[in-house]
Student: 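Got a structure for you, written out below as structure tokens; questions coming shortly.
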Number of protein chains: 2
Amino acid sequence: MNNSSRYTVAIHVLTLLAYCGPNPLTSEFISGSVNTNPVVIRRLLASLRAAKLVSSQGGPGGGWQLLKDPKQITLRDVLIAVEGGSIFPLHSSAPNPRCPVGRTIQSLLVGPFQSAQDAMEQDLNRTTIGALVKRAKASSE
Amino acid sequence: MNNSSRYTVAIHVLTLLAYCGPNPLTSEFISGSVNTNPVVIRRLLASLRAAKLVSSQGGPGGGWQLLKDPKQITLRDVLIAVEGGSIFPLHSSAPNPRCPVGRTIQSLLVGPFQSAQDAMEQDLNRTTIGALVKRAKASSE
DNA sequence: GCCAGAGTACTCGGATAATCCATGTCCGAGTGCGTACGG
DNA sequence: CCGTACGCACTCGGACATGGATTATCCGAGTACTCTGGC
């Protein structure tokens, strides 16, 4: 598993976009909230754009906007957008095929890994960006 | 070897230890099956030893042995041993506390993240190292 | 024949170099607005 | 007064350094077996 905070930051950014309404936000502004570099935000949003969650616009008044209703974006959608495929990557270099365990272990793990990921994604589907925005607004009062 | 495959390699190694019976295996032998460096195996097994899953022995005839019945080791145990705490790390640097989203997002995510991880771990608990060994032996016939 | 001791081979464990990935910095490409000029 | 063309500020996007982390290599510490010499 990639122990990076990409996923958390992605949720943060989408929540911020939804929180600040329909007007576009620049990567520099967003980086001020996340407390990181604008380029990191751009690269992260590029993968979210590939997942059709956001759009980018250049020039003055440009920036990033949501393409979907925040209530329709679940944490599962975000996870898939930033992590791509499986949460549990297999060996980066193939195991030894001459070992009875090495040549079968990957095929044996596909099932349990997929099952565990499905269980997790089903749980993540229960939370939407819209719900996070609602709670954030409630907390800021 | 990518850090992200630590979990898969850990399962591989434990399965191999269980497969090869009670006799200890050296890190060099194990690395031959995983197809990586012996030191990587040692460091990985060090964390499994900290979790009381394996023991190490120096000298001739030494190596690594399981400390528990393979049927009693679940994939969840392995995950906790190698990943430690949470699957979804929060921001590496704290978000901007002056932003209403930044100062609340982390506390808002703790719940959903914990819930999703619980769901995943519950699913991982269904598979044991013993079951993997059984399937590996069945496949090699 | 039996025991003690040294020697040797084997394994883990830690320290140090090399490599890889993520992050940060810089500059170019494109866009939209404002302004100035000409009709 | 109106329309057009130019210039400028702003933003994203990609190319090139930089830093930290992971990995690989090397050497030392400890252990068990084996061989040898003495009793």
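Residue numbering restarts at 1 for every chain, and letters A, B, ... go by the order of the sequence lines.
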Student: From CZ of A:R43 over to C1' of D:dG13, roughly how many Å is that when rounded to an integer?
Tutor: 10 Å

Student: Under 4.0 angstrom, heavy atoms only, what part of the nucleic acid is A:V40 near: base, sugar-phosphate, or nothing?
Tutor: sugar-phosphate

Student: Are any non-hydrogen side-chain atoms of A:Q72 and A:T128 less than 4.5 angstrom apart?
Tutor: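 No - every pair of side-chain heavy atoms lies 4.5 Å or more apart.
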
Student: With respect to the phosphate group of D:dG13, does any side-chain polar atom (N or O) of A:R49 fall under 4.0 Å of OP1 or OP2?
Tutor: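 A:R49 to D:dG13 OP1/OP2: side-chain N or O found under 4.0 Å.
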
Student: Identify which nucleotide among C:dC10, D:dC12, D:dT25 has an atom closest to any side-chain atom of B:P60, counting heavy atoms from C-beta outward.
Tutor: C:dC10

Student: Mind calculating the distance between CG (B:N37) and C1' (D:dC26) to the nearest angstrom?
Tutor: 11 Å

Student: Looking at B:I73, B:L67, B:L45, which one forms a side chain to side chain contact (heavy atoms under 4.5 Å, CB included) with B:V54?
Tutor: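 Answer to the side chain to side chain contact (heavy atoms under 4.5 Å, CB included) test with B:V54 among B:I73, B:L67, B:L45: B:L45.
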
Student: When you measure from the side-chain N and O atoms of A:S27 to the phosphate of D:dC12, is any distance below 4.0 Å, counting only OP1 and OP2?
Tutor: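 Yes, A:S27 has a side-chain N/O under 4.0 Å of OP1/OP2 on D:dC12.
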
Student: B:Y7 has an atom OH; how far is it from atom P of D:dT22, in whole Å?
Tutor: 19 Å

Student: D:dA24, OP1 or OP2 - any side-chain N/O from B:T36 closer than 4.0 Å?
Tutor: yes

Student: Looking only at side-chain N and O atoms, does B:Q57 come under 4.0 Å of OP1 or OP2 in D:dA32?
Tutor: yes

Student: OP1 or OP2 of D:dG13 less than 4.0 angstrom from a side-chain nitrogen or oxygen of A:R42, does that happen here?
Tutor: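 So the side chain of A:R42 is outside the cut-off, no N or O lying under 4.0 Å from OP1 or OP2 of D:dG13.
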
Student: I need the CH2-P distance between A:W64 and D:dC12, as an integer number of Å.
Tutor: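 After rounding, the gap between these two atoms is 7 Å.
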
Student: Is any side-chain N or O of A:S56 closer than 4.0 Å to OP1 or OP2 of D:dG13?
Tutor: yes

Student: Can you list the steps and then say if B:T36 with B:V9 is a side chain to side chain contact (heavy atoms under 4.5 Å, CB included)?
Tutor: CA-CA 10 Å; B:T36 183; B:V9 173; 5.7 Å; no

Student: Students often mix this up, so state it plainly: with edges at 30° and 60°, are the rings of B:Y7 and A:F113 parallel, tilted or perpendicular?
Tutor: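 Ring orientation of B:Y7 relative to A:F113: parallel.
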
Student: I'd like to check B:Q65 versus B:L17 (side-chain heavy atoms, cut-off strictly below 4.5 Å). Are they in contact?
Tutor: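 No, every pair of side-chain atoms sits at 4.5 Å or beyond.
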
Student: Once you round it to whole Å, what is the distance between P of D:dT11 and CD1 of A:I41?
Tutor: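 Distance, rounded to whole Å: 15 Å.
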
Student: Rounding to an integer number of Å, can you tell me how far A:F29 CZ sits from D:dT11 P?
Tutor: 12 Å

Student: Using whole Å, what does the distance between atom P of nucleotide C:dT11 and atom CD of B:Q65 come to?
Tutor: 14 Å

Student: Rounded to whole Å, please give me the gap between CG in A:N23 and C1' in D:dT11.
Tutor: 16 Å

